[in-house]
Amino acid sequence: MSSTAIAPTPLAELVSQAIEEQPVWDMHTHLYPPTFGTPAGGSSGKADPQGLLLWGIDELLTYHYLVAEVYRCVPASKLPYADFWKMSKQEQADHIWRELFLERSPLSEACRGVLTTLEKLGLDPSDRDLAGYRSWFAEQDPSDYIDRVMEIANVSRITMTNAVFDPNERQRWLADPQVGSDPRFAPVLRFDNLLRDWAGAARLLSEWGYEVYEEQSDASLENARGFLRDWLDRTRGIYGAVSLPPSFRYGGADDNSTGSVALREVVLPVLAERGLPFAMMIGSQLQVNASLRDGGDTVGKSDVGSVLTLCRDFPDNRFFCTMLARENQHELMVAARKFGNLMIFGCWWFLNNPSLIDELTRMRMELLGPTFIPQHSDARVLDQLIYKWDHSRKLIATVLADKHADLAATGWKATEDEVRRDAKMLLHSNFEKFLAG
Ligand code: HDL
Ligand code: ZN
């Protein structure tokens, strides 16, 4: 029995290199350029407590994934949620570092990600020197640091989530029309409320000067279309996006629920006239534990049939779609075989773990070839790009190498150009081309 490690085959090496070297256009993140403000000023000195650009070790450690995980270690009976939220960001980070990294091995994907990020930035995770990490981050200038993180993660462009119903974000766009013009970032107009809560959205639109009422009259619907057009113009969004609950249903032309009417009469016509895709992220059951705040959402099985109906009934619209439940994945991939105006993407949120990224990517490649978008980072903290893409690239490369090995076994030898073309499709051009229509 040989004890020496088995060298990867030249083909596996080539695939790994092609995936590593291919810049990725990250199609869904919650990241922002410094023009949106940042709570950690770093060496720039300009700190905005309500700023939207999150970066640095304390933001990495207080990512809502880790807040949820730390409450498995020190329950609310011992640390009431209100006491945790009263802590400073640094105190919260200290608590999480101690409980998840020092008192227990940081085995979860979100914990491991912090360590990968530190290592790729040239810091030594085994130092366990949180104070030292903090001093290093404090010396970074936010805008220069964006370039550095994008270079390490090999991310060519960061797609934002510009939530028009978030007062903090909306005010920043109204105050400075150029706020989203940093070329490193692509804007996306996000408008969940229109579909999740028409009545509430109508009240807000009325406050904002659009005559939109709960009753979905022709005038109300036309004014809602006007609102969407205005904000697509203001943000120059490259697609429209919503997250939808597991209960989301679209039953066709006779479905007159307020959400379906808003979808059929407002969202899809405006995006079709603008030639912009519509991204549906389906399966997030919000705030099952509101005390965890952003970490309080869960997953639920959703209805792929509604996606099929939309793709069939709206052939002039293009749909990005990702679903949150593992149980929906195979049916969604088969749906993508039925409609070319459906582009499935990413291993979203609770699926963004090695075992599930591998499973989904294998299934997708076997059913769809290279015609899907395997991943988005969903990063909320800038530095997360480093680990989310490092981890996912390795997994995507392993699957692609296995599939090319299967081809080679038939006698089909891929050329280096063909392998690099595959990498470019998966990490960049499938997204870019679907955007272009
Ligand atoms: O709705 C979404 O875009 C989700 O990605 C949520 O932001 C979620 O909280 C998240 O951060 N997932 O990774
Ligand atoms: Zn997201």
Side-chain angles (χ1 to χ4, degrees), residues 30 39-40 49-52 54-118 125-134 137 163 166-168 192 196-197 200 243-247 281 283-302 324-327 347-356 378-381 383-384 387-388 391:
H30 300 270
Q50 303 307 317
L52 293 172
L54 305 181
W55 63 284
I57 187 64
D58 288 322
E59 295 293 353
L60 286 169
L61 288 171
T62 56
Y63 183 33
H64 70 70
Y65 290 32
L66 295 180
V67 174
E69 289 176 34
V70 80
Y71 262 98
R72 296 196 46 68
C73 308
V74 179
S77 54
K78 289 212 170 41
L79 175 61
Y81 294 111
D83 294 349
F84 176 82
W85 294 116
K86 267 193 236 128
M87 286 180 187
S88 68
K89 181 72 76 175
Q90 184 165 316
E91 288 165 340
Q92 293 171 7
D94 288 340
H95 171 66
I96 289 169
W97 177 253
R98 182 177 58 253
E99 295 300 335
L100 292 181
F101 289 77
L102 303 183
E103 296 294 322
R104 298 162 185 81
S105 298
L107 296 169
S108 76
E109 180 64 2
C111 282
R112 174 171 78 112
V114 175
L115 304 182
T116 300
T117 300
L118 292 173
S126 61
D127 283 352
R128 295 167 167 75
D129 176 12
L130 183 50
Y133 305 147
R134 279 192 176 117
F137 281 96
D166 168 11
N168 185 353
D192 299 6
R196 280 184 183 254
D197 173 21
S243 138
L244 294 166
S247 58
M281 305 170 70
S284 53
Q285 188 68 42
L286 302 182
Q287 299 298 279
V288 284
N289 179 354
S291 300
L292 287 173
R293 297 186 182 178
D294 283 342
D297 304 337
T298 192
V299 55
K301 286 186 276 303
S302 304
L324 191 49
R326 181 189 186 194
E327 295 82 354
C347 301
W348 183 28
W349 201 344
F350 305 111
L351 296 169
N352 196 358
N353 301 312
S355 56
L356 294 170
D378 222 338
R380 280 174 171 265
V381 181
D383 335 45
Q384 290 175 337
Y387 88 80
K388 286 178 181 261
H391 296 178

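Because the structure is a prediction, the values reported are computed rather than measured.
- Judged as a salt bridge (Lys or Arg N to Asp or Glu O under 4.0 Å), and not counting sequence neighbours, the contacts of Asp192 are Arg190.
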Derivation of the side-chain contact (heavy atoms from CB on, under 4.5 Å) call for Val299 and Trp349: CA-CA 9 Å; Val299 55; Trp349 201 344; over 6 Å; no
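- Counting heavy atoms from C-beta on, the side chains of Pro39 and Pro49 never come closer than 4.5 Å.
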query: Between Asp378 and Asn352, does a side-chain contact (heavy atoms from CB on, under 4.5 Å) hold up when you go through it step by step?
result: CA-CA 9 Å; Asp378 222 338; Asn352 196 358; 5.5 Å; no
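- Judged by distance alone, the side chains of Asn289 and Tyr71 never bring a donor and an acceptor atom under 3.5 Å apart.
- Applying the side chain to side chain donor-acceptor pair (under 3.5 Å) criterion to Asp197, with sequence neighbours excluded, gives no partner residue.
- Side-chain contact between Val381 and Thr62: absent, with no pair of heavy atoms (C-beta onward) separated by less than 4.5 Å.
- Distance check, rounded to the nearest 0.5 Å: CG of Leu286 to CG of Asp294 gives 10.5 Å.
- Taking 4.5 Å as the limit, some side-chain heavy atom of Pro354 sits within range of a side-chain heavy atom of Glu109.
- Listed here is the closest heavy atom pair of Gly300 and Pro246: CA-CG, 3.4 Å.
- Two residues are said to be in side-chain contact when any heavy atoms from C-beta on lie closer than 4.5 Å; Ser284 and Leu324 meet this criterion.
- Using modelled atom types, no side-chain atom of Arg380 and backbone atom of His64 make a donor-acceptor pair closer than 3.5 Å.
- Shown here are the salt bridge (Lys or Arg N to Asp or Glu O under 4.0 Å) partners of Asp166, two or more places apart in sequence or in another chain: there are none.
- With sequence neighbours excluded, the residues that form a side-chain contact (heavy atoms from CB on, under 4.5 Å) with Ser105 are Leu107.
- Between Leu79 and His95 the shortest side-chain heavy-atom distance falls below 4.5 Å.
- For the residue pair Asp297 and Gln287, a side-chain donor N or O sits within less than 3.5 Å of a side-chain acceptor on the partner.
- Taking each heavy atom of Leu100 and Leu66 in turn, the nearest pair found is CD1-O, 3.7 Å.
- Taking Asp127 as the reference, nothing meets the salt bridge (Lys or Arg N to Asp or Glu O under 4.0 Å) condition, with sequence neighbours excluded.
- Around atom CZ of Arg72, no more than 12 heavy atoms belonging to other residues, nucleotides or ligands sit under 6.0 Å away.
- The existence of a salt bridge linking Glu99 and Arg104 is confirmed by a sub-4.0 Å separation between a basic side-chain nitrogen and an acidic carboxylate oxygen.
- Using a 4.5 Å heavy-atom cutoff, the side chains of Val74 and Arg98 are not in contact.
- Geometric assessment of Lys388 against the ring of Tyr65 yields a positive cation-pi assignment under the 6.0 Å and 45° thresholds.
- Nearest heavy atom pair, residue Ala325 against residue Leu351, reads C-CD2, 4.5 Å.
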task: For the pair Asp58 and Arg134, evaluate side-chain contact (heavy atoms from CB on, under 4.5 Å) and give the outcome as yes or no after the intermediate values.
output: CA-CA 8 Å; Asp58 288 322; Arg134 279 192 176 117; 2.8 Å; yes
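- Within the 4.5 Å cutoff, side-chain heavy atoms of Phe84 are placed close to those of Gln92.
- A distance of 12.0 Å separates CD of Gln384 from OG1 of Thr116, quoted to the nearest 0.5 Å.
- Across Gly283 and Ser302, no two heavy atoms sit closer than the pair CA-OG, 3.2 Å.
- Listed for the Arg112 side chain is no donor-acceptor partner under 3.5 Å among the backbone atoms of Tyr387.
- With sequence neighbours excluded, no residue forms a salt bridge (Lys or Arg N to Asp or Glu O under 4.0 Å) with Asp383.
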task: For the pair Ile57 and Val114, evaluate side-chain contact (heavy atoms from CB on, under 4.5 Å) and give the outcome as yes or no after the intermediate values.
output: CA-CA 8 Å; Ile57 187 64; Val114 175; 4.1 Å; yes
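- In summary, the side chains of Glu69 and Ser108 do present a donor paired with an acceptor at a separation below 3.5 Å, with no hydrogens or angles considered.
- For the pair Phe101/Leu115, a side-chain contact is recorded, criterion being any heavy-atom separation below 4.5 Å from C-beta on.
- For the pair Trp55 (side chain) and Phe137 (backbone), a donor-acceptor distance under 3.5 Å is absent.
- A perpendicular orientation is assigned to the rings of Trp97 and Tyr133, their planes being inclined by more than 60° (bins at 30° and 60°).
- Note that CG of Leu52 is 4.5 Å distant from CG of Asn168, once rounded to the nearest 0.5 Å.
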